[in-house]
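Note that this is a predicted model, so its numbers are computed, not measured.
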Amino acid sequence: MVCILFIVLFSCKPAIMKPNSYLLISSSKRYVLFLSLFVFMFTDIQGQTDLKTELENLKQLENSLTEKVYLHLDRTIFSPGEDLWFKAYLLEGTSLTLTSTSNNLHVELIDPDGNVISKQVILIFNGTGYGDFHLGQNRVKEGIYQIRAYTHFMRNFDEALFFRKNILIAASGEMIDETKRNENTNSKIDLQFFPEGGHLVQNIRNRVAYKLVNESGKGVPASISIIDETGHEIQKSETVHNGMGQFVFIPQPNTRYFARINSQKWENRTFELPKVTSGYTIFVGNQFNELLDFNICTSPDNIHNQQISYVIQSKGRLYSTNKIRINKEAKLVRIKKEELPSGISVITVFDENNFPVCERLIYNQFTPKLNITITPENKENTNRQKVNLTIETTNEKGKHVPANLSMSVVGEYIAVKENILLSQNSSILSSILIRSDIKGKIEDPDLYFEDFDKRKHYYLDLLLLTQGWRKYIWKEAVSSDSFVMKYQYESGFLLTGEAKTLVLKHPIPNSKVSLTMTDGSFYYDEVNADENGKFTFENTYFMDTTTLVFQAYNKRDRRNTIIELNESTYTSPPVTILKHALPKSTTTDLTDIINHAKIIKEIEDSLEQKNYQFLNEITIKTQKRRTLDDHFRLYTHPDEVIEVKDKYAGYNTILEIIDEQVPSVRVYGFCPNAEVLIRGNRVLGNELTKGSGAAFILDGMFVEIEDICSVPVTQVDKIEVLKGASAAIFGNRGMQGIIAVYLNKGAKKWENTPTGIVKIKPKGYYRSREFYTPKYGTNQEQFQGPDYRNTIFWEPNIITDKDGRAKVSFYTSDDSGKFIISVEGVGIEEGLGKAQNTINVLSNLSPAGLK
């Protein structure tokens with residue numbers, strides 16, 4: 001019934017208009033109209049300078065690929081001390097395919113007061129990346145936090161284009177009890193009106209959408225009556241979905257209109273509609289077919305054979321435009337929907353003076369869907385049992401296609417509470433297709449895409465009418481003569497500085513500056529400074545904790561130079577708090593989640609204590625081995641020992657001593673870019689690369705070769721070499737042998753670096769940790785403590801093969817009940833998808849085993 005009414009009331013004339021005069025807009029090109037043709041189209045009209053400027057500015061947007069980002073989180077309710085895991089998907093805004101236009105994704109954790117308390121830069125490779133946040137017990141308090149993600153390029157637009165999602169951190173029931181203040185949230189309500197096109201226009205048929213919400217912003221069902229200023233009832237209307245509804249009527253000039261809520265609960269409150277004006281509006285017809293029909297309407301007093309225009313654009317790209325002669329109250333425009341992009345587009349109407357007079361958002365359902373199927377080997381399982389899954393991905397035609405996916409497994413008790421407390425039933429579908437284009441909180445966003453039909457399309461159109469807005473607002477985004485794309489795509493990091501003379505600190509023009517990185521692999525680059533000694537390394541890629549070594553050279557002696565590096569000035573954009581009022585709840589709601597986290601924390605603390613005691617035992621035993629030199633060691637007998645003292649004061653570096661005095665050691669290259677190989681230790685692949693040689697220890701701590709190079713020989717007491725079995729105590733770090741350096745008693749570690757050299761460890765790409773899950777039933781040592789993981793399993797990197805299949809396995813915990821497996825992702829070629837399935841876990845542990 002609702003959909004039929006939506007079609008019948010298509011005309012904006014008081015009487016039903018026959019579309020005997022309409023524009024059929026088509027194009028032989030299926031994609032974007034060329035802006036140059038559009039600009040040329042208006043050159044014959046006086047006063048078109050502003051519109052031409054706007055369109056030229058819009059061209060900047062068209063020439064840049066827009067981006068959308070989505071984070072798949074393992075869950076959204078946590079306790080302090082837990083870890084939050086995420087996978088990032090970066091998509092091209094129009095085709096909705098994975099893109100790497102930007103390699104840097106900024107991900108932030110924002111506290112309830114709007115402060116960024118933790119931030120990461122995630123490396124985007126082939127459109128994806130992943131990371132995690134540790135929600136430290138001493139760093140977070142209870143409350144609603146926000147996860148925000150964006151690229152540098154996205155900062156050209158509104159913050160709402162960013163990915164933003166609330167999470168709840170709860171340590172007790174006290175914070176939840178405070179939400180009882182919202183017990184009577186329905187006592188405070190607000191009714192808002194949204195005339196189609198933006199204005200309530202006199203003497204023509206107008207569609208008006210409305211939304212009734214309570215104090216928490218949640219939609220409330222109700223019946224309303226539209227009345228005029230005399231109290232005369234014009235018509236009634238009822239909300240149809242999440243407090244939203246619509247009605248159509250013909251407003252009269254100089255008349256005020258009101259809506260009365262027909263409920264004693266709200267004391268029959270009334271709310272005034274927007275003021276009636278003369279002007280233009282848009283009246284969109286049925287959208288659930290192959291054509292988009294809409295009327296551009298104007299009030300009778302505004303008809304004077306003027307020539308107006310309209311534009312249909314999406315994310316900065318122009319898709320359709322034309323001029324229209326206004327000689328009647330309504331002009332019908334008909335466009336083939338196949339020529340419009342998937343998702344949300346904006347219709348903008350310009351008057352004869354090129355001023356935007358009305359806008360309307362529409363949704364085009366042409367997004368290729370990725371179908372994901374999750375098939376457990378067994379639906380019924382027991383505690384600590386291996387679960388085997390098969391994941392299949394197909395396109396809309398049923399053909400198996402490869403896809404890039406991520407998966408989380410949590411208990412149903414968590415998923416239910418997430419929906420109750422946070423009302424965030426959102427996935428990659430709703431986030432990419434509507435969340436990034438619609439302002440405000442969206443209730444049950446995924447509902448619009450489950451079994452999409454005419455009814456869901458009608459609900460979605462109501463959402464666009466009530467919460468729709470303009471991503472590229474004409475007056476603010478493209479009407480300025482000085483409009484520029486301030487923020488560009490980021491690829492790696494930008495490192496800048498200046499090379500100067502040592503004494504007078506004058507710039508050294510055209511000096512050569514080198515950059516060396518040590519991070520388990522070798523990287524070297526050189527640039528020439530400009531005439532002012534300033535240098536730039538662009539598009540550099542490095543992970544956190546990587547040591548960067550800069551060296552400056554002049555024509556005579558590099559030791560007479562210094563380097564001054566510029567600190568990063570990157571600041572986070574302003575934060576808008578996503579307001580969310582928790583519903584009335586009880587302290588038992590989150591008890592299981594909180595208790596599970598406490599159990600895991602106690603186990604971790606216990607294991608750390610055991611490890612500490614074990615290390616103490618080792619320390620005690622080792623202390624007995626301390627002899628005359630009183631140096632602390634974990635090993636017993638080195639293979640080679642060099643007593644340095646004052647014997648080698650003529651040597652420049654420790655490496656020179658080793659190279660000449662230890663026959664089994666060879667040094668290749670010079671400090672700080674040398675490699676040290678110990679005979680008898682095989683280099684993988686028989687290739688000498690940076691990081692493939694021996695490791696270095698300085699007074700019991702692992703250090704980099706640059707640190708060894710910076711230590712004055714006069715401060716060294718002895719040098720010891722370990723190889724083969726002697727270095728095995730250090731595990732993988734000792735595979736290529738160990739060079740241990742010990743300083744004279746009372747000497748401090750040399751902290752200065754040679755002139756012309758600067759070492760830094762800047763914040764680079766975040767090095768994501770690996771999600772840990774016990775592996776029961778293997779030859780590995782069994783996990784002995786209780787296992788109550790809130791996140792049972794997290795896998796951010798699932799790639800289905802060319803046949804669209806992937807195998808995944810994980811182990812259940814000591815919890816029993818129903819568990820939800822959630823998979824989301826993007827097709828390698830196209831398509832967005834999400835899927836869920838469940839498994840049951842039956843308890844097979846005795847009460848003693850649960851302690």
Side-chain angles (χ1 to χ4, degrees), residues 60-73 86-110 116 118-133 146-165 314-317 341 343-344 404 406 428 431-439 471-472 477 483-495 538-544 568-576 578 762-768 796 824-826 832:
Q60 293 187 57
L61 299 175
E62 184 183 77
N63 291 336
S64 301
L65 292 174
T66 56
E67 298 171 321
K68 289 191 174 185
V69 63
Y70 173 72
L71 297 190
H72 180 193
L73 310 184
F86 64 84
K87 178 173 182 177
Y89 295 89
L90 184 64
L91 305 178
E92 195 277 312
T94 302
S95 64
L96 301 183
T97 55
L98 293 172
T99 182
S100 292
T101 48
S102 295
N103 293 124
N104 298 13
L105 180 69
H106 302 266
V107 184
E108 299 168 338
L109 176 64
I110 300 169
V116 177
S118 184
K119 61 172 63 177
Q120 300 171 2
V121 181
I122 302 300
L123 175 62
I124 297 297
F125 181 73
N126 289 336
T128 64
Y130 32 86
D132 56 85
F133 284 107
Q146 181 185 156
I147 299 294
R148 184 172 73 165
Y150 56 91
T151 65
H152 195 57
F153 180 79
M154 288 180 182
R155 298 185 66 172
N156 289 299
F157 314 107
D158 193 278
E159 182 195 12
L161 185 63
F162 301 174
F163 172 87
R164 299 183 300 164
K165 192 165 192 173
S314 177
K315 307 169 190 69
R317 289 176 179 255
I344 294 176
N404 195 321
S406 48
I428 192 170
S431 179
I432 294 297
L433 295 177
I434 60 174
R435 268 187 177 273
S436 57
D437 290 300
I438 294 181
K439 197 171 185 177
K471 184 58 63 207
Y472 308 106
F483 176 74
V484 293
M485 300 293 285
K486 182 179 178 181
Y487 302 99
Q488 304 303 316
Y489 301 115
E490 279 185 314
S491 296
F493 298 97
L494 184 70
L495 304 170
E538 297 180 331
N539 305 330
T540 54
Y541 294 81
F542 52 89
M543 308 301 289
D544 278 347
S568 173
T569 58
Y570 194 94
T571 57
S572 296
V575 174
T576 300
L578 293 174
K763 186 175 179 62
Y765 292 113
Y766 178 71
R767 195 187 302 271
S768 180
E824 300 185 39
V826 182
L832 309 175

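- E92 CD to E67 CD: the interatomic distance, rounded to the nearest 0.5 Å, is 9.0 Å.
- With a 4.5 Å cut-off on side-chain heavy atoms, K486 and N156 count as touching.
- When side chains are defined from C-beta on, F162 counts as touching R155, because their heavy atoms get closer than 4.5 Å.
- Here the NZ atom belonging to K87 is positioned 13.5 Å from the CG atom belonging to L73, to the nearest 0.5 angstrom.
- Listed here is the closest heavy atom pair of G131 and S768: CA-OG, 3.6 Å.
- Within a 6.0 Å sphere centred on OH of Y130, heavy atoms belonging to other residues, nucleotides or ligands number 12 at most.
- With H152 as the partner, the ring pair (Phe, Tyr, Trp, His ring centres under 6.0 Å) test is satisfied by one option alone out of Y489, F493, Y570: Y570.
- In this structure, CG on N539 lies 8.0 Å from CG on N103, to the nearest 0.5 angstrom.
- Here E159 pairs with R148 in a salt bridge; the nearest charged N to carboxylate O distance falls below 4.0 Å.
- E824 and Y70 share a donor-acceptor pair across their side chains, judged by distance under 3.5 Å alone.
- Atoms CZ and OG1, on F157 and T66 in that order, are 7.5 Å from each other to the nearest 0.5 Å.
- Exactly one residue among V69, T151, I122, V121 makes a side-chain contact (heavy atoms from CB on, under 4.5 Å) with H106. That residue is V121.
- Annotation: the span from R767 atom CZ to L123 atom CG amounts to 11.5 Å, rounded to 0.5 Å.
- When all heavy atoms of I344 and S314 are compared, the closest pair comes out as O-OG, 2.9 Å.
- Side-chain contact between T128 and V826: absent, with no pair of heavy atoms (C-beta onward) separated by less than 4.5 Å.
- Side-chain contact between I147 and F86 is absent, with no heavy-atom pair separated by less than 4.5 Å.
- Between A149 and V107 the shortest heavy-atom distance is CB-CG2, 4.1 Å.
- Taking every heavy atom of both residues into account, S431 and F163 meet most closely at OG-CD1, 3.9 Å.
- With contacts defined as side-chain heavy-atom distances shorter than 4.5 Å, the pair E108/S572 qualifies.
- Closest heavy-atom contact between G825 and I428: O-CD1, 4.0 Å.
- Side-chain contact between N126 and L98 is absent, with no heavy-atom pair separated by less than 4.5 Å.
- Between T101 and F153, every side-chain heavy-atom pair lies at or beyond the 4.5 Å cut-off.
- The shortest non-hydrogen separation linking S491 to N104 is C-OD1, 4.3 Å.
- No donor-acceptor pair closer than 3.5 Å links the side chain of Y89 to the backbone N or O of K68.
- Interatomic distance, Q120 CD to Y765 OH, rounded to the nearest 0.5 Å: 13.5 Å.
- When side chains are defined from C-beta on, T576 counts as touching R164, because their heavy atoms get closer than 4.5 Å.
- Between the side chain of D544 and the backbone N or O of K763, no donor-acceptor pair lies under 3.5 Å.
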